[in-house]
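Structure, as structure tokens:
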Amino acid sequence: MNTRPGIGRILLVPIISVMTLSLVSVITASLVSVITISLAPFSATAQIPDQEYAERRSALMEIYPDGLILIKARSSAKGMGSWGWVQSASFLYFTGLTNQPAAILALDGSNGESILFVPPDPLSFGQPVRGLSLRPGKDSAHENGFSDVRSWDDFKTYITGHVTAGVETIYIEQSRRQENASVPAFMAAVSGDFALWEQSLRQAFPALTIGTASDGIRALRWKKSDAEIEILRTNARRTASALEKGAALIRPGAKQRDAEAAVVAGCISAGAEGPSFWPWMMSGPNTNFSELIRSFFDYNSLNREMKGGELVRADVGCASNSYGGDVGRTFPVSGKFTVEQRIVWNLLVTGYMAGVQAMGDGVSGADVRSSSRDAIRKASEREAAEPGAREAAEPGAQKTTLEIAEAMTADTGGVNWHLHGVGVESGEEQQPVLVRGAVIAYEPGFTWNGESYYLEDMILIHQDHAEILSIGLPYTSDEIESFMAGPGRAAGESYALFNGHDLSGWVNYGTEKWYVEDGELVCESGPDAAYGYLGTDEVFGDFELTLEFLQESNGNSGVFFRSWIHGTAVEGWQVEIAPPMAHTGGIYESYGRGWLIQPDEDGEKALREGQWNTMRILAIGGHVTTWLNGKQMVDITDEKIGAARGRIALQIHDGGGIKVRWRNIYIRRL
């Protein structure tokens with residue numbers, strides 16, 4: 001039946017442990033992280049209210065009330081190879097003017113005025129481009145929320161007037177990183193947007209002190225408004241979808257460029273405008289950061305053929321509504337990790353999830369990193385204390401795990417637990433302390449035996465927990481391999497998911513009982529009387545599923561589809577199986593919108609209590625239809641369902657006293 005309808009978006013996600021089990025699998029440790037996973041509509045297109053831009057300008061003027069703040073729009077046209085013209089981030093943040101080139105925003109904290117100085121028409125291919133700049137005048141100012149809009153011919157008079165009135169300091173934003181001047185040190189810079197802007201101001205107004213407004217700007221951009229969060233939530237979903245498209249092109253003999261192109265196409269097909277940065281689908285030696293940064297100066301962007309046994313560092317983002325995205329994973333080119341690669345990856349995931357668990361309002365970045373390191377140490381300590389079956393099955397694995405864990409937690413050369421903001425730029429500078437409303441990316445990187453491992457999600461900070469926005473992506477090595485496997489059978493071929501003998505091809509989530517008896521699959525409440533799931537190894541998109549079930553006792557169960565299971569919590573959709581008149585055949589979204597559709601009164605009568613029932617589920621894109629004993633129960637089209645893929649899973653509800661039998665479980669990929 002439906003899962004905890006009152007809880008809404010909270011999911012309980014396990015910390016991944018590598019202790020005592022074979023490295024062919026990963027188990028759930030007892031520590032549990034409260035991490036919210038959003039299920040907001042995939043197609044949301046929230047807009048920033050005009051008033052919000054005015055409030056941002058006022059807040060910045062309060063931080064720097066003693067001088068003028070000058071923020072410059074992007075001056076250059078887009079490159080021929082760029083997908084679109086991208087405005088300077090902070091100018092966009094304080095004005096909302098996506099396509100206004102070369103303008104100057106002047107903020108006067110002494111009187112709260114915001115003046116926009118606009119240029120004449122820019123040139124493109126030697127021709128003036130009409131209608132880009134706002135028209136000078138009060139009408140234009142009123143329409144766009146400024147005190148005034150003036151021609152930039154008035155800019156010098158404006159500045160000198162303030163100097164006469166006693167202003168001594170101009171505050172500007174400075175680059176996060178050192179910019180390339182592109183000339184010897186004794187010459188004035190010829191490149192670098194921030195450097196050129198500062199250089200120009202110093203030359204024009206030598207008597208003024210140039211101060212930095214960077215700290216104030218970055219602090220304001222660190223915490224996101226509700227409208228920004230909804231945009232970033234959508235971008236995270238689009239980015240996760242694009243990453244999946246890119247992963248499908250990772251295989252021996254393929255070029256990095258193939259996977260990159262799939263990511264770009266995936267961003268656009270998911271509703272984004274384009275990539276927020278050119279995808280990094282870097283393989284083999286290119287996974288190392290010291291190598292991959294060379295792509296910024298390489299015509300081929302380090303394009304190379306991917307080879308079996310190598311890893312791919314996938315770092316991608318989709319841009320829409322002038323905001324970015326940033327998500328990443330590590331994939332084995334052959335589709336399977338080696339034993340050593342699995343050890344490294346699962347340890348990294350263990351630390352990562354512990355860091356996410358520690359996040360909340362007021363938590364420092366240092367504390368997050370410390371939690372990640374501590375989790376890896378504890379996992380290795382358990383490994384040392386309980387070698388058990390793993391060592392018997394894989395001699396040397398215990399020693400290797402301890403060596404890797406020690407290297408990961410070393411003061412130098414260990415995991416780089418990098419954390420940064422995501423907003424109008426996909427990579428924004430982090431602040432020392434997390435705050436409620438911050439959207440961040442947590443991206444650990446680690447190199448072992450010449451191979452680099454990398455993991456990243458977009459995460460929203462709440463009061464006492466974190467919400468992973470980039471949902472639907474795998475974590476453990478088993479999940480990564482299943483994610484890459486995609487369709488395991490030819491489309492149109494029907495085959496059995498249950499072989500009638502054992503649980504091969506299935507994974508048990510939770511402590512409830514799943515076993516085979518008389519050729520039938522049985523689920524039964526265990527001593528914990530908790531939620532339990534039996535999920536497929538395989539991941540499915542479009543499919544037709546048929547199965548039979550008999551509710552021997554209570555019968556409160558369900559069939560999940562296009563779902564991902566974390567511990568005993570699920571993100572995805574359930575076709576209900578329940579006692580009489582309790583909506584068997586209806587569709588419920590767990591930890592999200594709840595009931596999407598229920599059978600009508602006549603459909604409720606189709607269930608045969610105490611007898612075998614036949615259920616059929618047809619899912620093509622966002623169109624899902626269910627039948628019970630030959631009677632159509634529901635028919636729904638839902639965009640969010642259409643954007644997903646995931647596991648098939650049978651459920652046993654909590655509460656105890658439940659026993660359901662299953663047989664003849666067949667699926668056909670479409």
Looking at Ser200 and Trp197, would you say the former's side chain and the latter's main chain have a donor-acceptor pair under 3.5 Å? no
Salt bridge present between Glu425 and Arg221 (N-O < 4.0 angstrom): yes
Could you walk me through whether Thr239 and Asp326 pass side-chain contact (heavy atoms from CB on, under 4.5 Å), step by step? CA-CA 7 Å; Thr239 301; Asp326 196 6; over 6 Å; no
Between Trp85 and Asn99, is there a donor-acceptor pair closer than 3.5 Å when you use the side chain of the first and the backbone of the second? no
Kindly indicate whether the side chain of Leu201, heavy atoms from C-beta on, has any atom under 4.5 Å from the side chain of Ile210. yes
side-chain contact (heavy atoms from CB on, under 4.5 Å) between Leu455 and Thr330, worked out: CA-CA 7 Å; Leu455 171 63; Thr330 299; 6.0 Å; no
Just by modelled atom types, is the Met458 backbone N or O under 3.5 Å from a matching donor or acceptor in the Ser470 side chain? yes
Student check: side-chain heavy atoms of Gln341 and Trp448 closer than 4.5 Å: no
Taking every non-hydrogen atom, the tightest pair across Leu419 and Trp222: CD2-CH2, 3.9 Å
If I take atom CZ from residue Arg233 and atom CD1 from residue Ile231, how far apart are they, to the nearest 0.5 angstrom? 12.0 Å
Determine whether a donor-acceptor pair (N or O, by modelled atom type, separation under 3.5 Å) exists between the side chain of Arg257 and the backbone of Asn300. yes
Phe446/Tyr454 under side-chain contact (heavy atoms from CB on, under 4.5 Å): CA gap, chis, key distance, verdict: CA-CA 7 Å; Phe446 177 66; Tyr454 173 80; over 6 Å; no
Pair Lys378 + Glu381: basic N to acidic O under 4.0 Å: no
Determine yes or no for a side-chain-to-main-chain donor-acceptor pair under 3.5 angstrom, with Ser90 supplying the side chain and Tyr93 the backbone. no
With distance as the sole test, does Thr95 use its side chain to make a donor-acceptor pair with the main-chain N or O of Phe91 at under 3.5 Å? yes
Taking the side chain as every heavy atom from C-beta outward, state whether Lys245 and Val263 have any atom pair closer than 4.5 Å. no
Using 0.5 Å steps for rounding, measure from the CZ atom of Phe337 to the OG atom of Ser477. 6.0 Å
Could you tell me whether Asp258 and Lys255 have a side-chain N and a carboxylate O separated by less than 4.0 Å? no
Partner of Glu428 under salt bridge (Lys or Arg N to Asp or Glu O under 4.0 Å), chosen from Arg176, Lys224, Lys223: Lys224
Give the ring-plane orientation class for Trp280 versus Phe289, where under 30° counts as parallel, over 60° as perpendicular and anything between as tilted. perpendicular
Assign the ring pair His420 / His418 to parallel, tilted or perpendicular, where the plane angle (0 to 90°) is split at 30° and 60°. tilted
Would you confirm whether Glu228, through its side chain, and Gln47, through its main-chain N or O, come within 3.5 Å as a donor-acceptor pair? no
Go through it in stages, so that I can follow the logic: the residues are Val356 and Ile459, the test is side-chain contact (heavy atoms from CB on, under 4.5 Å), and I'd like the CA-CA distance, side-chain angles, deciding distance and then a yes or no. CA-CA 8 Å; Val356 176; Ile459 302 167; 4.0 Å; yes
Can you name the one residue among Gln256, Glu310, Arg294 that meets side chain to side chain donor-acceptor pair (under 3.5 Å) with Asn286? Gln256
Assess the pair Phe94 and Tyr53: is the distance between their ring centroids shorter than 6.0 Å? no
Asn321 side-chain N/O to Tyr323 backbone N/O, donor-acceptor pair under 3.5 Å: no
How long is the span from the CG atom in Leu220 to the CZ atom in Arg57, to the nearest 0.5 Å? 13.0 Å
Does NZ or CZ of Arg313 lie under 6.0 Å from the centre of the six-membered ring of Tyr453, at an angle within 45° of the ring axis? no
Within the side chain of Lys78, is there an N or O that forms a donor-acceptor pair under 3.5 Å with the backbone of Val86? no
Stacked cation flag Arg369 on Tyr442, 6.0 angstrom / 45 deg: no
Please check this pair: side chain of Ser301 against backbone of Asn303, looking for a donor-acceptor N/O pair closer than 3.5 Å. no
Interatomic spacing from CG in Leu473 to CZ in Phe483 - rounded to 0.5 Å: 5.5 Å
If you round to the nearest 0.5 Å, how far is CG of Leu60 from CD1 of Ile217? 5.5 Å
With the side chain counted from C-beta on, respond yes when Gln100 and Pro119 share a heavy-atom pair under 4.5 Å apart, and no when they do not. yes
Less than 4.5 Å apart, side chain to side chain, heavy atoms only: is that true for Val312 and Thr287? no
A side-chain contact here means heavy atoms from C-beta on lying under 4.5 Å apart; do Ser380 and Glu406 qualify? no
Any carboxylate oxygen within less than 4.0 angstrom of a Lys/Arg side-chain nitrogen, looking at Lys72 and Asp193? no
